[in-house]
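Labels below follow one simple rule: chain letters A, B, ... track the order of the sequence lines, proteins then strands, and each chain is numbered from 1.
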Amino acid sequence: MIDLAALRTQPDAFRAAWSARGAAVDVDGLLALDQQVRALKTRAEGIKAEVNAASKAIGMAAKAGGAAVEEAKAKARALGDQHKAVDTEREALEKELQAALMVVPNPCLPDVPVGKDASENRVAATWGTAPAFAFAPKAHWDLGPALGIMDFERAAKISGSGFASLRGAGARLSRALVSWFLDTHTTRNGYTELAVPYLVTPKTMTGTGQLPKFADQLYRCADDDLLLIPTAEVPVTNLHAGEIIDEAALPVRYTCHTPCFRREAGAAGVGTRGLTRVHQFDKVEVVWLTTPERSRADLDTLRGHAEHLLQELGLHYRVLQLCTGDTGFGSAMTFDLEVWAPGANAWLEVSSCSTFTDFQSRRADLRYRGADSKLRLLHTLNGSALALPRCLIALIETWQQADGSITVPPVLRPYLGGLDRITATA
RNA sequence: GGAGAGGUGGCAGAGCGGUUGAAUGCGUCGGUUUCGAAAACCGAUAUAGGUGAAAGCCUAUCGGGGGUUCGAAUCCCCCCCUCUCCGCCA
């Protein structure tokens, strides 16, 4: 959520920022509503102050055994009714204002390039080169089933389309990636590992911005009013909701492996072959809670952690700086990491690293007490490091051999009992 | 799932329906004292919002939401959470 007080004082800056995003926000409507709410609030509180004073007087008079108590009560009752009428009106308008604010996107940082959509994202960096093959490289949807490490048909049989299953060395390879990612983050990058619930409340989903705007992308357990997380960002960022963290403890950095559940409504048929886009996938996420002063630099550090993993896996990738028009709802700046999948002949997004500035903190009530003992909103950052199925795709397509076997990247071998090659018989 | 107990400020823990934002203790901060520290003593110590140039004033908040009342931390109803015991279960 944006800072309403800031909108009040600098509406033009917000207008410009939203226009750069291509977001239609009725600034005048918001400001008018805000004005009404505050006017009603002032009125209601003024009447309430009178009611309180009258009640206090009645209390004293009753104690002293005054005679005019009944008359005073009647007067106070009338005032109370008046207050209730005004306050009810205020409440309705305030709800309306809140609802409107909840679907307003975060303005991008000033140095985010302006653009209308994904076609105007900028390639900020490229690492490595596309692997060259002496044969025609195969896509994972051919390689995987041939090796017996992926099974799409049986997954569809038990769960419908958009689900995949791994088997044998494929399942093990996936687990090896998770372990290696987590170990790297905890031992080398200073993250604390978390294990969290995969079902969360609507309030939690609202804290990070999935609700109310993106309800159609979430799986919901209607009988219990719980939702399946679409990313570990949701439970991890909300973990400290409503709390006050001491500045000395910042930045708080967490890494967490969870499955992610996404309905992918409206994405049917778009890049859905094989493991590329599925309703359930595993991901290792990193989340930072940090100060406004540090957050921009911290975003680069976080992104570096994700990039490093791809480098050690020997995977060719590029960094995209998203333009204003392609930046997600709550994000103020996002870098996507796209890995090259030589078989599918495509760049696949395996990480999205973002700073949400204080947008999520305002929703989730995440604050810190500064060295000066003042309370301030935290800045939240997160990024995938990394998303499993697409890493797996790039990995096997990149490391495939002419005979259809897969060479295991050296960093993963300790996690596979020394296995250096996945073959159809493995 | 059944039975019971409980949810009050950073923490612990009081609180008759009436000038209670809330005793007391601890903690924290400032001061006195000290060569310095400890101890002791003195003082301060919530958050959010409205209004105002500011000082300030006002409103709200005792798990959440309703209700009774002129007035609710205190009474009533619903919900949530925690703990204990029983049952069930990976």
Checking N1-N3 plus N6-O4 or O6-N4 for Watson-Crick, or N1-O2 and O6-N3 for wobble, each under 3.5 Å, the partner of B:U51 is B:G56
Determine the Euclidean distance between corresponding C1' atoms of B:U47 and B:C42; express it in Å to zero decimal places.
27 Å
Can you work out whether A:Glu50 or A:Glu91 has the more 5'-proximal nearest nucleotide on RNA chain B?
A:Glu50
Using the P atom on both, measure B:C78 against B:A5 and round to a whole Å.
15 Å
Regarding A:Ala49, tell me which of base, sugar-phosphate or nothing describes its non-hydrogen contacts under 4.0 Å with the strands shown.
sugar-phosphate
Watson-Crick or G-U wobble partner for B:G27, using a 3.5 Å limit on both distances?
B:U45
Using atom C1' of each nucleotide, how far apart are B:C79 and B:G7 to the nearest Å?
14 Å
So the contacted stretch of RNA chain B, first to last nucleotide with an atom under 4.0 Å from a non-hydrogen atom of chain A, runs from B:G18 to B:G71
Can you tell me the Watson-Crick or wobble partner of B:U82, both distances under 3.5 angstrom?
B:A5
Set of salt bridge (charged side-chain N to carboxylate O under 4.0 Å, His left out) partners for A:Arg294, sequence neighbours left out:
A:Asp298
Can you tell me how far P in B:A12 sits from the matching atom in B:C83, rounded to whole Å?
15 Å
Go through the structure and list residues passing salt bridge (charged side-chain N to carboxylate O under 4.0 Å, His left out) with A:Asp223, not counting sequence neighbours.
none
Taking atom types as modelled, is there a side-chain donor on A:Glu89 or A:Gln36 under 3.5 Å from an acceptor on the other?
no
Which class fits the ring pair A:His240 and A:Tyr254: parallel under 30°, tilted 30 to 60°, perpendicular over 60°?
parallel
Assigned partner base of B:C16, Watson-Crick or wobble definition, under 3.5 Å:
none
B:G25 and B:C41, which share atom name P, separated by this distance in whole Å:
11 Å
Please work out if A:Arg369 contacts a base, only the sugar-phosphate, or nothing of the nucleic acid, heavy-atom cut-off 4.0 Å.
sugar-phosphate
Is the closest side-chain donor-acceptor distance between A:Tyr317 and A:Glu307 under 3.5 Å?
yes
Under the criterion salt bridge (charged side-chain N to carboxylate O under 4.0 Å, His left out), I'd like the reasoning laid out for A:Arg90 against A:Asp87: C-alpha separation, chi angles, the key distance, then a yes or no.
CA-CA 5 Å; A:Arg90 186 225 92 228; A:Asp87 201 52; 2.5 Å; yes
Verify whether the ring centers belonging to A:Phe329 and A:Phe359 lie closer than 6.0 Å.
yes
Starting at the 5' end of RNA chain B and moving along, which residue's nearest nucleotide shows up first, A:Lys56 or A:Val51?
A:Lys56
For B:U69, the nucleotide meeting Watson-Crick or G-U wobble distances (both under 3.5 Å) is none
For A:Arg367, answer base if it contacts any base atom (sugar-phosphate contacts may also be present), sugar-phosphate if it contacts only those atoms, and nothing otherwise; contact means non-hydrogen atoms under 4.0 Å.
sugar-phosphate
Please report the distance separating the P of B:A73 from the corresponding atom of B:C16, rounded so that it comes out in whole Å.
13 Å
P spacing across the pair B:G6 / B:G63, given as an integer number of angstrom
14 Å
Please give the distance between the P atoms of B:A23 and B:U8 as a whole number of Å.
16 Å
If we call it a pair only when both distances are under 3.5 Å in a Watson-Crick or G-U wobble match, what pairs with B:C88?
none
Any donor-acceptor pair under 3.5 Å linking the side-chain atoms of A:Ser405 with those of A:Thr423?
no
Touch class at under 4.0 angstrom, heavy-atom based, for A:Arg8 against every strand present
sugar-phosphate
Hunt down the Watson-Crick or G-U wobble partner of B:A39, both distances under 3.5 Å, from any strand shown, or write none.
none
Contact class for A:Leu375 vs. all strands (heavy atom < 4.0 Å): base, sugar-phosphate, or nothing?
sugar-phosphate
